[in-house]
Amino acid sequence: MPTGRLGGTLVSIELVKYPDVFLRKVSKDVAFPLDDKTKRLITWMTRAMYQHNGIGLAAVQVGYDVRMFTMDCTRYQGKPQVFINPTIVKNSEETITDFEGCLSAPGKQGEVKRHIRITLNYKDEEGEEHTKTFYNLEARCIQHEMDHLEGKLCIDYEKGEYSRDKHKSQTMVESDFRAKSNS
Ligand SMILES: [Zn+2]
């Protein structure tokens, strides 16, 4: 497990990993205004995403089944965004099939068909609503994170399509995972 110097502390954030059954939870809506615990969770998620060199991370991956995810596709770790209670309101007909990995399934890949362009409605930390269109890598990342909110994983896909059978045939275990608090 890698460690990183973040916010002045050296801390290693543990992720929920496949085949933990927690990753199959359908996440719940976040209530506004955000409470302190949720604000801390957002900071925690951003740290975890950067620490594990991910471009996106859903709350369920750090042990909280709430509908939010962080994303930063810039690769220089300087532009974290948070998306709360997101819904995809529009998507392009054009799709592209490509291999995807997931921080919660190290060493595994899924071949996943995604829309090239999507329009997302979401709230920011202040509770302000946004509707924004995303393309290419960001669009793929968002669709991947949206799957996490529904308990789906990229490794459930078979030749581009979501496979219920593959999902069901996967071994489910309960781990004693517990999110570590940074407070
Ligand atoms: Zn993932």
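All ligand and atom numbering here is 1-based and tracks the order in the structure.
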**Student:** Do you know the tightest heavy-atom contact between V112 and R140?
**Tutor:** O-NH1, 3.2 Å
**Student:** Please say which of R114, Q109, E111 ends up in a side-chain hydrogen bond (donor to acceptor under 3.5 Å, both in side chains) with Y157.
**Tutor:** R114
**Student:** Can you find a heavy atom in the side chain of E138 that is under 4.5 Å from one in the side chain of Q81?
**Tutor:** yes
**Student:** Just to be careful: counting only protein atoms that are N, O or S, how many fall under 2.8 Å of the Zn ion (ligand 1)?
**Tutor:** 3
**Student:** Would you say that M45 contacts V82 through its side chain, given a criterion of any heavy-atom pair below 4.5 Å between the two side chains?
**Tutor:** no
**Student:** Backbone N or O of G78 within a donor-acceptor pair of the D72 side chain at under 3.5 Å?
**Tutor:** yes
**Student:** Kindly work out whether a path of hydrophobic side-chain contacts (I/L/V/M/F/W/Y, heavy atoms less than 4.5 Å apart) joins V66 to I42.
**Tutor:** yes
